[in-house]
Amino acid sequence: MRRNGVAVLDIRSSEITAVVGERGVNNTFIIKSKYTCPYDGYAEGELLDTDSFISAVCDVVKSTLAANRAVKTFYVGVPCEFLKLVNTDKVLSFQTSKKITRSDYDLLIEMSKPEKEDGWKTIRHSCLYFVLSDKRKVINPAGAVSDSLQGKCGFYKCKTSFIDCLMLAFKRFKEINEVNLLPLNYAEAMYLIEPEKRDECAVLFDFGYISSTYSVVCGNGLLYSESFSVGIGHIAFYLMSELDIPFEVASSFLSTVNLNAKEQLSASEECLYEGKTYTFTTSKLRDIIREGLDGICETIEECKQNFSGRNLDGKPIFITGEGIKVVRGAAEHFSDRLEKGVEIIAPKVPYYDKPQFSSVLSLLDTALSDAK
């Protein structure tokens, strides 16, 4: 592999993708290879089938190594289901005013480290922002003059049971000598949301297939992040249960219904599956899908209530992930139901400018920055 390329593993709740890429011009990426494999996923902080997970990881890693013999290191995105965010707020005082140096920053981070916990391993930290003695809030304090340095830091802990399972898969490949873990919620926040929007706090909702994540972004990190095991797949399941139809048919209807369309009351949708035609009125399908989306909106509201660190009233919600584009009009429904602005956010990269690519390109961006 060329020195400026990296290999990343994106673990979503329905499929796993391995990508090898490098920086292109104007913040684009050059994708050397991309392999995806479906698996059983995860929910409630646990893998639904560890054998299915290990098999999928091995499948995409094996394909990646076959196409890129120089790969020795993998960067793996850890989903929020397997993460715990610990925020700290510490102050480092000096005898007199002085110019802040990197060593001061490092000492503050060392003071801020949370206690070790059985079953958890810290995989990354970031300082969201610093506060100087004159109450100025800065992202980079280096060179500033102050007699104290306060830092709001975030530490990302990963379940060791997830790490152990992941390493069981990678141990099968002697070519891989290093595996680095990246918090997916952190990577998405830093890549998708512009710094000026993060400075004032922003809300990011990753709408997945089985699992979704709600995060409050601030500065160079997260103030709050919570995952819940509901996604677009559950709405398909709800449609399947309500109409007594195969799951594949329900999934097909999700992508044909437009929540904003104004059809006649007699309008209907059809789906042919295994030689049988399924027909339902558009209004009935729309009502059931809206009910499913309402359930997700209620969970988003609960997340907002659980977070008490900042007033989020008036803040728009940035939505990404594979679930948001499945149902046409879903973003508008979220906006109406939550009574706030909703904006679909995705990578600003040609061809990959779709929310289903947000996670893998966010990981690629973070991994390339780390490798550099």
Indicate the atoms forming the closest heavy-atom contact of [X] with [Y], along with that distance.
X      : Y      : value
Leu239 : Ala250 : CD2-O, 3.5 Å
Cys153 : Cys127 : SG-SG, 3.2 Å
Gly21  : Leu368 : O-CD2, 4.0 Å
Glu44  : Ser229 : N-OG, 2.6 Å
Lys340 : Leu312 : NZ-O, 3.4 Å
Tyr39  : Ala56  : CB-CB, 3.8 Å

Under 3.5 Å, side chain of [X] to main-chain N/O of [Y], donor-acceptor pair present?
X      : Y      : value
Asn306 : Glu302 : yes
Ser63  : Asp59  : yes
Ser215 : Ser225 : no
Thr299 : Gly295 : yes
Ser227 : Thr213 : no
Asp49  : Ser52  : yes
His333 : Arg328 : no
Arg290 : Leu259 : yes
Ser148 : Leu92  : no
Asn260 : Glu332 : no

For this session: Nearest 0.5 Å please: distance from the CZ atom of Arg337 over to the CZ atom of Phe334.
Result: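 It is 10.5 Å, given to the nearest 0.5 Å.
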
Problem set entry | Separation of Thr320 OG1 from Glu188 CD (nearest 0.5 Å) | 6.0 Å

[X]-[Y] side chain donor-acceptor pair, cut-off 3.5 Å:
X      : Y      : answer
Asp147 : Ser133 : yes
Thr17  : Thr36  : yes
Ser362 : Asp365 : no
Asp206 : Ser212 : no
Glu291 : Tyr238 : yes
Asn220 : Ser126 : no
Glu81  : Ser211 : yes

For this session: Please assess Ser161 against Asp164 for the test side chain to side chain donor-acceptor pair (under 3.5 Å), listing each intermediate value before the final yes or no.
Result: CA-CA 5 Å; Ser161 58; Asp164 292 343; over 6 Å; no

Exercise. Is the distance between the ring centroids of Tyr42 and Phe162 less than 6.0 Å?
Worked result: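 Tyr42 vs Phe162: aromatic centres not under 6.0 Å.
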
For this session: Step through it carefully: locate the ring centre of Phe170, locate the ring centre of Phe74, and say whether they are under 6.0 Å apart.
Result: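 Close enough - the centres of the two rings lie under 6.0 Å apart.
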
[X] with [Y]: basic N within carboxylate O range, under 4.0 Å:
X      : Y      : answer
Arg124 : Asp370 : yes
Lys304 : Glu226 : no
Asp10  : Lys34  : no
Glu175 : Lys72  : no
Glu117 : Lys84  : yes

Can you tell me if [atom1] on [X] sees more than 12 non-hydrogen neighbours from other groups inside 6.0 Å?
X      : atom1 : result
Glu339 : CD    : no
Asn26  : CG    : no
Lys325 : NZ    : no
Tyr278 : OH    : yes
Lys90  : NZ    : no

Would you kindly confirm whether [X] and [Y] end up in one hydrophobic cluster when ILVMFWY residues are joined by side chain heavy atoms under 4.5 Å apart?
X      : Y      : result
Phe247 : Val257 : yes
Leu65  : Leu364 : yes
Val203 : Ile345 : no

For this session: Mind telling me whether Phe280 and Phe253 have parallel, tilted or perpendicular rings, with 30° and 60° as the class edges?
Result: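 Answer is perpendicular, since the angle exceeds 60°.
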
Any side-chain heavy atom of [X] sitting closer than 4.5 Å to one from [Y]?
X      : Y      : answer
Val6   : Val20  : no
Val138 : Tyr129 : no
Tyr191 : Thr366 : no
Leu285 : Thr281 : no
Asn87  : Leu128 : yes
Lys197 : Phe318 : yes
Pro347 : Ser358 : yes

For this session: Carefully, step by step, assess Phe205 and Phe207 under the rule ring pair (Phe, Tyr, Trp, His ring centres under 6.0 Å).
Result: CA-CA 6 Å; Phe205 177 58; Phe207 189 11; 5.8 Å; yes

For this session: Could you walk me through whether Tyr186 and Tyr156 pass the ring pair (Phe, Tyr, Trp, His ring centres under 6.0 Å) test, one step at a time?
Result: CA-CA 9 Å; Tyr186 167 83; Tyr156 302 85; 5.5 Å; yes

Within 45° of the axis and under 6.0 Å from the centre of the six-membered ring of [Y], does NZ or CZ of [X] qualify?
X      : Y     : answer
Lys159 : Phe82 : no
Lys98  : Phe94 : yes
Lys32  : Phe29 : no

